Each structure stands twice: as C-alpha cells, then as structure tokens.
Amino acid sequence: MSMWRQDLKRNAARNGLKGALIAYVTSPGFALMSRARLAFWLNARGKVGRLFSRLVWRSTVRNYGCYIAPTARLGAGLCLPHPVGVVIGEGSVIGTDVTIYQGVTLGRASHEVDAYPSIGDGAVIYAGATLLGPIRIGRNAVVAAHSVVLSDVPDFATVVGAPARIVRTSRPDDALPAADVGRAASSR
C-alpha cells in the first residue's frame, strides 16, 4: 500500500479516489499529509523541484499552522488528528502508523547539536509534548500530553511529565512466553 493511501486510511478512514477527494475537504490531517507528501516528492526532483517544494511547504505552513520540514522522514500512515501547531524538524524520523496530536514539537535540543528525535512504529504522542535531541521513542510507546522528553523511551512504554519519566511498560500478548499467553487469555 502506498504511503499516501495509508495516510488516507489512517487520517480519514476512507479508500479510493472519491474517498480521497472527500477526505481532502473534510480532514485537515489528510489534506496536510497530502501536501507534505507532494513537497517531499518535489524536493527530490532537482533544483526546480526544490523551489516548488518550498512554495508548497510555505503555503502549507501558512494555511495549516503546521511546520513539517521537507527533509524530515515520515513513515506511511502518519495520523495528525489536529495538525495545528505541530513542528517536525529537519532531521526527524517517524515510523509507520504514528499518531501525533496538536502542539507537538520534534526538534533539536540545542543550536550546537544538529540531531532530532526518531519515533518508532505505532507510537502515540499527545498534545503539547516536546521531544528534543537525538532520542529514540520506541515502538508503540505513548508520550503523555505536555511531557518534555529528553532521553530514549523503550518500546511499549508510557512516559509522563517534565522531564518525562516512565510510568508504565506493557508487553503485547505476542511478546509473552508461551505459558503466559494462556494465562493472559484466560484472565480476560
């Protein structure tokens, strides 16, 4: 499935061209991701493409109040339910099926160090969270609202606070040893 189609499915729960047209008008997250994907595509097309990429990017920032650098690497299915105020810096790397809410910043920790966060597949970052520097947010991790994350977050962990601290770590059933899977299923 193409990245754009996965964006459509995650942001608007629609399929097909008709669904995409409706989603573009009704879903700000999908419209924003469509424009971001266009800017990324143009950015890779030489000097003239980079010029048009900047024009699309500038228009997107102005119209949506969301800064996604054309040099960031975004995985398929990035969901932005409320994209206003989101900042995704130049070197950020985002995995597949990640959800980012309004007011989130992925940026550098200092002007001297040009390093950005890396977000694992399936992670959820809630409103107002700030993630700074060369940190890694693990697969299916959760960053609570208004948390300030300055260090790595393991897979399946939930972090809260400023500075963020781990409050919960969970394993999916398929990560449990075989004997524990039966007990987990019978306890439901």
Side-chain angles (χ1 to χ4, degrees), residues 1-7 9-11 29-30 32-44 50 53 57 60-61 64 66-172 174-175:
M1 181 180 296
S2 77
M3 283 205 249
W4 183 78
R5 285 185 182 154
Q6 199 163 340
D7 292 341
K9 185 176 180 182
R10 293 252 309 136
N11 281 283
F30 176 68
L32 173 72
M33 287 308 303
S34 295
R35 293 173 72 132
R37 298 279 182 213
L38 175 61
F40 294 154
W41 183 81
L42 289 168
N43 196 52
R50 281 190 296 277
S53 172
W57 172 83
T60 303
V61 170
Y64 291 92
C66 178
Y67 176 102
I68 300 177
T71 55
R73 293 192 331 220
L74 309 180
L78 176 58
C79 182
L80 299 167
H82 312 288
V84 175
V86 171
V87 176
I88 300 175
E90 285 77 11
S92 298
V93 177
I94 298 176
T96 59
D97 295 330
V98 171
T99 301
I100 298 176
Y101 285 88
Q102 68 273 13
V104 169
T105 298
L106 307 178
R108 301 189 322 187
S110 73
H111 187 64
E112 294 82 33
V113 180
D114 190 21
Y116 292 83
S118 175
I119 313 298
D121 297 345
V124 178
I125 304 169
Y126 285 98
T130 302
L131 293 75
L132 301 174
I135 60 173
R136 181 187 175 283
I137 307 300
R139 286 184 3 249
N140 297 312
V142 175
V143 177
H146 300 289
S147 295
V148 177
V149 184
L150 303 172
S151 59
D152 291 351
V153 174
D155 294 350
F156 305 103
T158 299
V159 296
V160 173
R165 65 189 185 294
I166 297 172
V167 294
R168 181 177 34 196
T169 303
S170 61
R171 297 191 307 186
D174 61 358

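Predicted model only: the values in this text are computed from it and were never measured. Hydrogens, waters and symmetry mates are skipped; everything else that's a heavy atom, side chains included, is used.
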Nearest heavy atoms of P70 and W57, plus distance in Å: CD-CD1, 3.7 Å

For the student: nearest non-hydrogen atoms of L132 and A109, plus distance: CB-CA, 4.0 Å

Euclidean distance, R136 CZ relative to D155 CG, rounded to 0.5 Å: 5.0 Å

Contact check, side chains of I94 and I100, non-hydrogen atoms, under 4.5 Å: yes

Nearest atoms (heavy-atom pairs only) where L80 meets P83: O-CD, 3.6 Å

Side-chain heavy atoms of F40 within contact of I68, under 4.5 Å: yes

Parallel, tilted or perpendicular: rings of Y126 and Y101 (30°, 60°): parallel

Validation row: P163, V148 side chains within 4.5 angstrom (heavy atoms): no

Spacing of CD1 belonging to I119 relative to CG belonging to L78, to within rounding of 0.5 Å: 10.0 Å

Spatial distance of atom CG (N140) from atom CG (D121) [nearest 0.5 Å]: 8.0 Å

Point-to-point distance, once rounded to the nearest 0.5 Å, from CD1 of I166 to OG of S151: 7.5 Å

Pairwise distance CG(N43) to CH2(W41) - rounded to 0.5 angstrom: 12.0 Å

Gap between atom CZ of R165 and atom OG of S147 - 0.5 Å precision: 8.5 Å

V87: which of T130, T105, L106 passes side chain to side chain contact (heavy atoms under 4.5 Å, CB included): T105

Side-chain heavy-atom pair V153, L131 within 4.5 angstrom cut-off: no

Exercise: identify the closest heavy-atom pair between V86 and Q102: CG2-CA, 4.2 Å

Whether S92 side chain and A72 backbone form a donor-acceptor pair below 3.5 Å: no

R139 side chain near T96 side chain, heavy-atom distance below 4.5 Å: no

Check: L74 and R37 side chains under 4.5 Å, non-hydrogen atoms: yes

Shortest non-hydrogen contact between I135 and D152, atoms and distance: CA-OD1, 3.3 Å

S53 to A39 - nearest heavy-atom pair and separation: OG-O, 2.8 Å

